[in-house]
Amino acid sequence: MSFQEIEKDLAAVRPADVLAETAPTGEAEAPFEGEEEDEEEGGGGLYEHFRVVADKGQQLLRVDKFLQDHLPDTSRNRIQLAARAGFIHVNERPVKSNYRVKPGDVVTLLLDRPRHDSAILPEEIPLDIVYEDADLMVINKPAGLVVHPGCGNYTGTLVNAIAWHLRDVPGYDPNDPAVGLVHRIDKDTSGLLVVAKTPEAKTALGVQFFNKTTRRRYNALVWGSFDQSEGRIEGNIARHPRDRMQMAVFDPASGVGKHAVTHYRVLENFGYVTLVECVLETGRTHQIRAHMKHLGHPLFSDERYGGTQILRGTPAAAYTAFVRNCFALCPRQALHARTLGFRHPRTGREMDFSAPLPPDMEQLIDRWRHYRDAYL
């Protein structure tokens, strides 16, 4: 198993008591709305991922430093996290980060998931390609499709589908991080993504995302009505201190989390829910979902952020049945990446793309529109 593969597995370490202290690899730098986190917690056993025996001349050395020397692609913080989770063993017993390795010690890294081949393989999965040329392509991702392989989702992802579509393109290697997806959206968010076919295209597009010169608009159905027709949400985003599957919003002056700004505009009000357009000034994990919940307007049907509770309306049984039918119609957060604009990395031409609302959101909005017109 390569050092890079071990680092990927270590990046998935999620001990509940320390998760609030650090974020998964790439979260701080990632220029995208939200990288989907795997929800599988794994089995109850531990699996060996790495083993090394300290040689006879080994000087006393902390085990976290010892492993960092043997796993050059892994940060010391990752190793310490693994130790606190009970994943670092010496002579078949778990140890803390400050354990001093001595000659003859058998040091193992055990994780709560089996080793796997991290190679991205082409899979024949249909793609909705909005635009394609020699440098890039724009894809309309359906809800429910994981973007990138990760713990619990090693196959059947958008990246596997892209690998199949570009399998005959010279020079395109799906395992090369210099090409491929430029940004990501959550598994249960639908909408537009851009893929770079060449390193030059990925670099140029990545710079645009970093400099915030891309144009991205999302449509979301959220709980409640707004006092103003448009607004701006500013609040740092970081892992929730008690629920690591959520992101939380913190005061910009707190020094906690990453700076995040979302602009919103009301498109249509349905009484108890509202259709809004969101424009991202930054791109943090779950930014729209976290910001809207912070504002008191969780996304409709967003289970992770409380949107599958009936947060507005009447106690009437008929209304409760109506809302539950709406949840069944759109059993995921009602969020769609509707537009995407950028400057072409080679020609310099400004390009803008749009994807219509998917059927589940279209039907959901129609249901609420009919309810409003009939009862409110």
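Reckoned from all heavy atoms, side chains included, excluding hydrogens, waters and symmetry mates.
- Taken to the nearest 0.5 Å, the CD1 atom of Ile125 stands 8.5 Å off from the CG atom of Leu158.
- Looking at Lys293, its side chain never comes within 3.5 Å of a backbone N or O of Ala248 through a donor-acceptor pair.
- Using a 4.5 Å cut-off on side-chain heavy atoms (C-beta onward), Gln246 and Arg304 make contact.
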So Val194 and Tyr131, side chain to side chain contact (heavy atoms under 4.5 Å, CB included) or not? Walk me through it. CA-CA 9 Å; Val194 61; Tyr131 173 83; over 6 Å; no
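- Leu280 places a side-chain heavy atom less than 4.5 Å from the side chain of Ile288.
- For the residue pair His263 / Glu281, a side-chain donor-acceptor distance below 3.5 Å is found, with atom types taken as modelled.
- Within the 3.5 Å criterion, the main-chain N or O of Gly180 finds no donor-acceptor partner in the side chain of Lys202.
- Using a 4.0 Å cut-off between charged side-chain N and carboxylate O, Asp69 and Lys65 make a salt bridge.
- By the side chain to side chain contact (heavy atoms under 4.5 Å, CB included) test, Ala316 pairs with Thr314, Tyr319, sequence neighbours left out.
- Side-chain atoms of Ser225 come within 3.5 Å of backbone N or O of Gly271 as a donor-acceptor pair.
- Following chains of ILVMFWY side-chain contacts shorter than 4.5 Å, one can reach Val95 starting from Leu61, so the two form part of one hydrophobic cluster.
- For the pair Val138/Met351, no side-chain contact is recorded, criterion being any heavy-atom separation below 4.5 Å from C-beta on.
- With contacts defined as side-chain heavy-atom distances shorter than 4.5 Å, the pair Phe327/Ile310 qualifies.
- The shortest side-chain heavy-atom distance between Met247 and Arg289 does not fall under the 4.5 Å cut-off.
- Between the side chain of Lys141 and the backbone N or O of Lys187 there is at least one donor-acceptor pair closer than 3.5 Å.
- Atom CZ of Arg312 sits in a crowded spot, with more than 12 heavy atoms from other residues, nucleotides or ligands closer than 6.0 Å.
- Ring pair Tyr371/Trp368 is perpendicular by interplanar angle, where above 60° counts as perpendicular and below 30° as parallel.
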Check the pair Leu192 / Arg216 against side chain to side chain contact (heavy atoms under 4.5 Å, CB included), numbers first and verdict last. CA-CA 9 Å; Leu192 296 174; Arg216 292 175 288 167; over 6 Å; no
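- Centroid-to-centroid, the aromatic rings of His297 and Tyr264 stay 6.0 Å apart or farther.
- Here the side chains of Tyr272 and Val323 are not in contact, with every heavy-atom distance at 4.5 Å or above.
- Within a 6.0 Å sphere centred on CZ of Arg367, other residues, nucleotides and ligands contribute 12 heavy atoms or fewer.
- Between the side chain of Asn91 and the main chain of Asp105, no donor-acceptor pair closer than 3.5 Å is present.
- In this structure, the side chain of Glu123 engages the main chain of Gly156 through a donor-acceptor pair within 3.5 Å.
- The neighbour count for Arg93 CZ, taken as heavy atoms of other residues, nucleotides or ligands under 6.0 Å away, does not exceed 12.
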Is there a side chain to side chain contact (heavy atoms under 4.5 Å, CB included) between Thr198 and Arg346 once you walk through the steps? CA-CA 11 Å; Thr198 68; Arg346 182 171 51 82; over 6 Å; no
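- Contact check for Val249 versus Arg284: no side-chain heavy atoms found under the 4.5 Å cut-off.
- Counting only distance, with no hydrogens or angles, the side chain of His336 and the backbone of Pro356 share a donor-acceptor pair below 3.5 Å.
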Could you check Ile139 against Ile162 for side chain to side chain contact (heavy atoms under 4.5 Å, CB included), going step by step and ending with a plain yes or no? CA-CA 9 Å; Ile139 295 171; Ile162 294 169; 3.8 Å; yes
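- Atom CD of Gln228 is surrounded by 12 or fewer heavy atoms from other residues, nucleotides or ligands within 6.0 Å.
- At distances below 3.5 Å, not a single donor-acceptor pair connects side-chain atoms of Ser97 with backbone N or O atoms of Ala83.
- Between Ile120 and Pro149, the shortest heavy-atom contact is CG1-CG, 4.3 Å.
- Qualifying side chain to side chain contact (heavy atoms under 4.5 Å, CB included) partners for His259, counting only residues two or more places apart in sequence or in other chains: Glu234, Asn236, Val261, Thr282.
- In this structure a side-chain-to-backbone donor-acceptor pair under 3.5 Å is present from Arg332 to Asp188.
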Salt bridge (charged side-chain N to carboxylate O under 4.0 Å, His left out) between Arg338 and Glu277: does it pass, once the steps are laid out? CA-CA 9 Å; Arg338 184 151 193 172; Glu277 177 184 81; over 6 Å; no
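- Two residues are said to be in side-chain contact when any heavy atoms from C-beta on lie closer than 4.5 Å; Cys278 and Met292 meet this criterion.
- Looking at His148, its side chain never comes within 3.5 Å of a backbone N or O of Val159 through a donor-acceptor pair.
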